[in-house]
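Okay, so here's the structure we're looking at.
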Amino acid sequence: MFKSGFVNIIGYPNAGKSTLINSFLNDKLSIITEKAQTTRHKILGIENTDDYQLIFTDNPGFTKPANIVHEYMNKKVKESIADGDIILYVVDLSSKSIDYDDLNDKLKKIKVPLIIVLNKIDKVDQQILEDVSKSWSKEFCNAEIWTVSALKNFNIENLKERIVKLLPKGPKYFPEEQWTDKSERFFVNEIIREKIFKNFKEEIPYSSEVVTEKFKYRNKIFRISSSIIVERNSQKAIIIGNKGLSLKNLASQSRIELEKFFNQKVFLEINVKVVKDWRKKVHQLKNFGYN
Ligand SMILES: Nc1nc2c(ncn2[C@@H]2O[C@H](COP(=O)(O)OP(=O)(O)OP(=O)(O)O)[C@@H](O)[C@H]2O)c(=O)[nH]1
Ligand SMILES: [Mg+2]
């Protein structure tokens with residue numbers, strides 16, 4: 001009996017959802033940073049065996065919407081709650097509880113198996129762990145509660161075994177060689193975006209988008225040309241930096257990561273462009289893949 005299904009990973013920003021999907025797949029599919037709202041798009045990561053096809057999805061963090069990008073991100077989370085065969089609700093054990101509990105109300109009504117994944121167990125002591133676990137089991141009588149560390153790989157294999165047990169009978173939704181739904185260009189954009197999140201502070205990461213215009217493979221070299229889109233000239237100046245040094249560092253960190261990702265030599269060129277207030281313009285967002 002072949003099993004398959006969508007295991008949708010959702011939760012608030014920074015809970016460790018992307019770390020968890022990478023840990024399940026033992027691969028770097030999703031970018032991870034210490035800043036909230038890193039993930040903006042839903043990403044599929046597929047694992048195939050002779051007995052099952054597990055389709056994990058990483059999702060943006062559910063957030064109080066302050067702009068259209070947030071609205072798009074929340075829409076993706078809601079879709080993932082509605083179309084999952086199993087829902088993993090990732091919670092950061094070490095952070096204060098969130099007062100914006102729109103998600104909790106939705107999750108209490110779902111009909112499919114719900115697993116609350118209390119993550120970052122490595123950061124808290126036994127007492128906190130017991131108290132938090134108790135309050136979640138009280139709040140959610142329809143869920144299984146698991147405690148894990150996605151970062152340290154603690155309890156991840158056991159959780160995966162449990163997920164496979166819960167998987168419904170089903171077909172192979174995707175051909176065996178397919179491991180994601182995203183293009184190579186998407187991963188280039190994400191890797192550069194990760195470096196922007198790591199190198200710059202405050203509004204810059206949130207005001208930045210990355211577009212890859214050229215992506216060619218010739219003579220065993222990937223030749224890539226990408227643009228960082230920011231909202232204002234002042235942000236462009238910060239990204240470029242004094243004598244272009246900040247951009248040079250960013251490009252070199254991105255290239256190293258891309259070479260690891262593709263396992264090939266990479267030539268990378270990055271430009272910086274201003275599209276005034278792109279986050280407020282619906283047609284711009286569509287061009288950037290926020291559909
Ligand atoms: N100590 C510890 N840190 C963790 C664990 N899991 C994730 N983190 C850290 O938490 C931060 C956020 O991790 P992400 O995986 O990017 O979180 P996310 O839920 O995908 O965040 P968004 O995409 O912004 O919604 C990163 O600094 C991770 O290294 C864990 O089990 N233990
Ligand atoms: Mg993420």
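Each ligand, and each atom within it, is numbered from 1 in the order the structure gives. It should be emphasised that the depicted structure is a prediction, and the values quoted were computed from it without experimental measurement. Below, each value reflects all heavy atoms present in this structure, side chains not excepted, and no hydrogens, waters or symmetry copies.
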Q | Single hit among Phe215, Phe267, Phe187 for ring pair (Phe, Tyr, Trp, His ring centres under 6.0 Å) with Phe262 | A | Phe215
Q: Please name the residue in the list Phe6, Trp179, Phe24 that meets the ring pair (Phe, Tyr, Trp, His ring centres under 6.0 Å) test with Phe56.
A: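 The option that passes is Phe24.
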(Q) For a distance under 2.8 Å, tell me if Ser30 has an N/O/S atom near the Mg ion (ligand 2). (A)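 It does not: Ser30 brings no N, O or S atom closer than 2.8 Å to the Mg ion (ligand 2).
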Q: Looking only at non-hydrogen atoms, find the nearest pair between His70 and Lys64 and report the distance.
A: ND1-O, 3.9 Å
Q | For the student: nearest non-hydrogen atoms of Glu213 and Ser227, plus distance | A |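 Glu213 and Ser227 have their closest heavy atoms at OE2-OG, 2.8 Å.
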Looking only at protein heavy atoms, which one is nearest to [atom], and what is the separation?
| atom | answer |
| --- | --- |
| atom 6 (N) of ligand 1 | Asn119 ND2, 3.2 Å |
| atom 13 (O) of ligand 1 | Thr19 OG1, 3.5 Å |
| atom 19 (O) of ligand 1 | Lys17 NZ, 2.7 Å |
| atom 17 (O) of ligand 1 | Gly16 N, 3.1 Å |

Q. Any idea which of Glu34, Lys120, Lys152 brings a heavy atom closest to atom 9 (C) of ligand 1?
A. Lys120
(Q) Given Ile9, Ile121, Leu151, Val90, identify the one with the heavy atom nearest to atom 3 (N) of ligand 1. (A) Leu151
Taking distance alone, with N or O pairs closer than 3.5 Å, would you say [X] contacts ligand 1?
| X | answer |
| --- | --- |
| Pro60 | no |
| Ile31 | no |
| Ser149 | yes |
| Ile32 | no |

When the ring planes of [X] and [Y] are compared, do they come out parallel, tilted or perpendicular, using 30° and 60° as the limits?
| X | Y | value |
| --- | --- | --- |
| Tyr206 | Phe197 | perpendicular |
| Tyr217 | Phe222 | tilted |
| Tyr89 | Tyr12 | tilted |
| Trp278 | Phe288 | perpendicular |

Q: Could you tell me whether Lys42 and Asp83 make a salt bridge, using a distance below 4.0 angstrom between a side-chain N and a carboxylate O?
A: yes
Backbone, side chain, both or neither: what part of [X] comes under 4.0 angstrom of ligand 1, heavy atoms only?
| X | value |
| --- | --- |
| Thr39 | both |
| Asp92 | neither |
| Asp122 | side chain |
| Ala36 | backbone |
| Gln37 | backbone |

Q | Shared hydrophobic cluster, Ile21 / Leu54 (ILVMFWY, side-chain heavy atoms < 4.5 Å) | A |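 Per the 4.5 Å side-chain linkage, Ile21 and Leu54 are co-clustered.
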**Q.** Test item: Leu20 and Ile156 side chains (from C-beta on) under 4.5 Å apart, heavy atoms
**A.** yes
Q) Does Gly11 come within less than 4.0 angstrom of ligand 1, counting non-hydrogen atoms of the residue? A) no
Q | Residue from Asn59, Asp58, Thr38 passing side-chain hydrogen bond (donor to acceptor under 3.5 Å, both in side chains) with Ser18 | A | Asp58
Q. Which atoms of ligand 1 sit under 4.0 Å from any heavy atom of Asn14?
A.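 Within the 4.0 Å cut-off of Asn14, ligand 1 contributes 11 (C), 12 (C), 17 (O), 18 (P), 19 (O), 21 (O), 22 (P), 24 (O), 25 (O).
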**Q.** Residue Gly61 vicinity, atoms of ligand 1 by number, heavy atom under 4.0 Å
**A.** 25 (O)
Q. How many degrees, to 10°, between Thr39 OG1 and Ser18 OG as seen from the Mg ion (ligand 2)?
A. 90°
